[in-house]
**Student:** 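I have a structure I would like to understand better, so I am pasting it below and will then ask my questions one at a time.
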Amino acid sequence: MKSAWKVIREQYKNLYLISRLSLYELKSENTNNYLGTAWVVINPLIQIFIYWLVFGKILGRNKDIPVDNGQVAPYIIWLISGIIVWFFIQPAIIQGSKSIYSRIRFIAKMNFPMSAIPSYVILEKFYQHLMITGIVFVILQFTKYHVSIYIIQLPYFMFAALVFLFSVSLITSTLSTIVRDVHQILISIMRMLFYLTPFLWEPARLTASGMPSYIEKILLLNPMYYLVQGYRSTLLGASWYGLDHIWYTAYFWGFVLVALLFGSAIHLRFRDHFVDYL
């Protein structure tokens, strides 16, 4: 617990520098492109179009999909309201994993705690997430899924995603610095989780296809499942997802707490020796 408090204090004390570095990352990432940061939006829109074409049109899923609490939505609306979570989580986890060993020579010259390196990488991805979420929010206003009272849940789920990503990145960035293969393994795991999380398929298909009930329970162990369903219920005005699924909320935060405690402990244990692993 002491390790976790120490890491949290480091984030708080360096919040200003974390925000400045995250903005620098955002500007420098696309500085050599003619369209600049517009690619932050263009790339996800292209992917959404491909997913809709393949899974919505070609595979014939272009119909009303259950959201939560009896609410349904057309596939394209259901798709965009949830997949924006993936466009945030996937790059944040992958980039967060290699954040320390790829930047340690630069950061070592500054009075800056290494635990804050994954933070500003994640925050940079969060800025991109805000842009994409804003566009999806505007699109939804031209459908029957207008803004509703449920939208006040959105800051909660964004905060939940940030804490989840930070906790996981503490673990992955430490292990990847010690053993580079961890980063490659993580890339493969994320590819697998993309198809095991309901970004492209609705959970109701598990029951309809005759899958054993324990399969869905196993899939629910994936914290991304909680986040994507929470985003959909919020943006489409379906339910108070965190309250209606209170036990799942408790599980999610329990997972995050364990990840934070473990990540903080191993980070503080090895960070004085990170340079030795370069």
Side-chain angles (χ1 to χ4, degrees), residues 1-12 15 18 67-69 81-97 99 115-116 118-123 125-126 129-130 133 149-175 186 189-190 193-194 196-199 203 214-268:
M1 185 64 75
K2 290 182 179 179
S3 299
W5 279 119
K6 183 176 182 178
V7 168
I8 292 172
R9 286 197 301 269
E10 288 177 346
Q11 311 313 302
Y12 178 76
L15 190 58
I18 289 172
V67 182
D68 195 29
N69 201 27
S81 61
I83 203 167
I84 56 175
V85 181
W86 173 254
F87 293 142
F88 175 34
I89 289 178
Q90 191 270 348
I93 287 182
I94 298 301
Q95 295 300 319
S97 172
S99 60
S115 66
S119 294
Y120 79 76
V121 172
I122 293 170
L123 189 58
K125 301 304 177 186
F126 181 65
H129 178 61
L130 288 177
T133 303
I149 186 64
Y150 296 104
I151 200 65
I152 64 176
Q153 298 176 103
L154 191 57
Y156 160 74
F157 283 107
M158 286 182 170
F159 174 75
L162 284 169
V163 178
F164 164 72
L165 288 170
F166 175 70
S167 302
V168 171
S169 293
L170 275 178
I171 300 173
T172 58
S173 62
T174 300
L175 297 179
L186 185 62
I189 291 175
M190 291 304 294
L193 288 177
F194 176 64
L196 293 179
T197 308
F199 294 114
Y214 68 84
I215 297 295
E216 183 175 5
K217 293 179 180 178
I218 292 175
L219 294 179
L220 285 172
L221 296 176
N222 174 9
M224 290 192 295
Y225 198 114
Y226 175 80
L227 294 172
V228 66
Q229 292 297 84
Y231 263 72
R232 283 200 177 106
S233 296
T234 298
L235 292 172
L236 302 182
S239 67
W240 300 104
Y241 192 83
L243 294 176
D244 292 347
H245 302 270
I246 190 65
W247 290 110
Y248 198 20
T249 299
Y251 164 76
F252 173 83
W253 286 107
F255 179 96
V256 169
L257 179 60
V258 171
L260 178 61
L261 293 174
F262 178 69
S264 300
I266 63 171
H267 175 84
L268 294 179

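FYI, the numbering just counts along the sequence from 1.
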**Student:** Pairs under 3.5 angstrom only: tabulate donor-acceptor contacts from the side chains of residues 151-164 to other protein residues two or more places apart or in another chain.
**Tutor:**
residue, atom, partner, partner atom, Å
Gln153, OE1, Tyr241, N, 3.0
Gln153, NE2, Tyr150, O, 3.2
Gln153, NE2, Thr234, OG1, 3.3
Gln153, NE2, Ser239, O, 3.0
Tyr156, OH, Tyr226, OH, 2.7
Tyr156, OH, Trp253, NE1, 2.9

**Student:** Nearest heavy-atom pair of Ala92 and Leu165: which atoms, and what distance?
**Tutor:** CB-CD1, 3.7 Å

**Student:** Shortest non-hydrogen contact from Val228 to Gly82?
**Tutor:** CG2-O, 3.5 Å

**Student:** Is there side-chain contact between Phe126 and Val121, with heavy atoms separated by less than 4.5 Å?
**Tutor:**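 No; the side chains remain at least 4.5 Å from each other.
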
**Student:** Are Ile122 and Ser169 packed together at the side-chain level, in the sense that at least one heavy-atom pair is separated by less than 4.5 angstrom?
**Tutor:** yes

**Student:** Please examine the side chains of Glu10 and Trp5, heavy atoms only from C-beta on, and report whether any two atoms are closer than 4.5 Å.
**Tutor:** no

**Student:** Which pair of non-hydrogen atoms, one from Thr249 and one from Gly242, has the smallest distance, and what is that distance?
**Tutor:** OG1-O, 2.7 Å

**Student:** Any non-hydrogen side-chain atom of Tyr251 less than 4.5 Å from a side-chain atom of Leu221?
**Tutor:**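 With C-beta onward as the side chain, the pair touches.
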
**Student:** I'd like to know whether Asn222 forms a side-chain contact (heavy atoms from CB on, under 4.5 Å) with Leu193, so could you lay out the CA-CA distance, the side-chain angles of the two residues, the decisive distance to 0.1 Å, and finally the verdict.
**Tutor:** CA-CA 8 Å; Asn222 174 9; Leu193 288 177; 4.1 Å; yes

**Student:** Identify, with sequence neighbours excluded, every residue that meets side-chain contact (heavy atoms from CB on, under 4.5 Å) alongside Ser119.
**Tutor:** Gln11, Ile18, Phe166

**Student:** Test of understanding: with side-chain contact (heavy atoms from CB on, under 4.5 Å), list the residues that count as partners of Ser81, not counting sequence neighbours.
**Tutor:** Arg232, Leu235, Leu236

**Student:** Can you confirm whether Met224 sits close enough to Trp86 that some side-chain heavy atom of one is under 4.5 Å from a side-chain heavy atom of the other?
**Tutor:**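 Met224 reaches Trp86 side chain to side chain.
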
**Student:** If you look at every heavy atom in Leu260 and Ser167, which pair is closest and at what distance?
**Tutor:** CB-OG, 3.5 Å

**Student:** Is there a donor-acceptor contact under 3.5 Å from the side chain of His267 to the main chain of Thr174?
**Tutor:** no

**Student:** With side-chain contact (heavy atoms from CB on, under 4.5 Å) as the test, would you mind laying out the steps for Leu227 and Phe252 before giving the verdict?
**Tutor:** CA-CA 9 Å; Leu227 294 172; Phe252 173 83; 3.9 Å; yes

**Student:** Let me confirm one number: the CG-OG distance from Asp244 to Ser233, rounded to the nearest 0.5 Å.
**Tutor:**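 Those atoms lie 8.0 Å apart.
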
**Student:** Are Leu261 and Ser3 packed together at the side-chain level, in the sense that at least one heavy-atom pair is separated by less than 4.5 angstrom?
**Tutor:** no

**Student:** Do Ser97 side-chain atoms and Ile93 backbone N/O form a donor-acceptor pair below 3.5 Å?
**Tutor:**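 Not confirmed, Ser97 side chain does not pair with Ile93 backbone.
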
**Student:** For Trp240 and Ile149: C-alpha separation, side-chain torsions, deciding distance, then whether side-chain contact (heavy atoms from CB on, under 4.5 Å) applies.
**Tutor:** CA-CA 10 Å; Trp240 300 104; Ile149 186 64; 4.0 Å; yes

**Student:** Measure across Phe262 and Ile171 and return the closest heavy-atom pair with its distance rounded to 0.1 Å.
**Tutor:** CD2-CD1, 3.6 Å

**Student:** If you define the side chain from C-beta out and look only at heavy atoms, does anything of Asp68 sit under 4.5 Å from Gln229?
**Tutor:** no

**Student:** If we only count heavy atoms from C-beta on, is the Thr197 to Val85 side-chain gap below 4.5 Å?
**Tutor:** no

**Student:** Can you check ring-ring contact (aromatic ring centres under 6.0 Å, His included) on His129 and Tyr231, steps first, answer last?
**Tutor:** CA-CA 12 Å; His129 178 61; Tyr231 263 72; 5.5 Å; yes

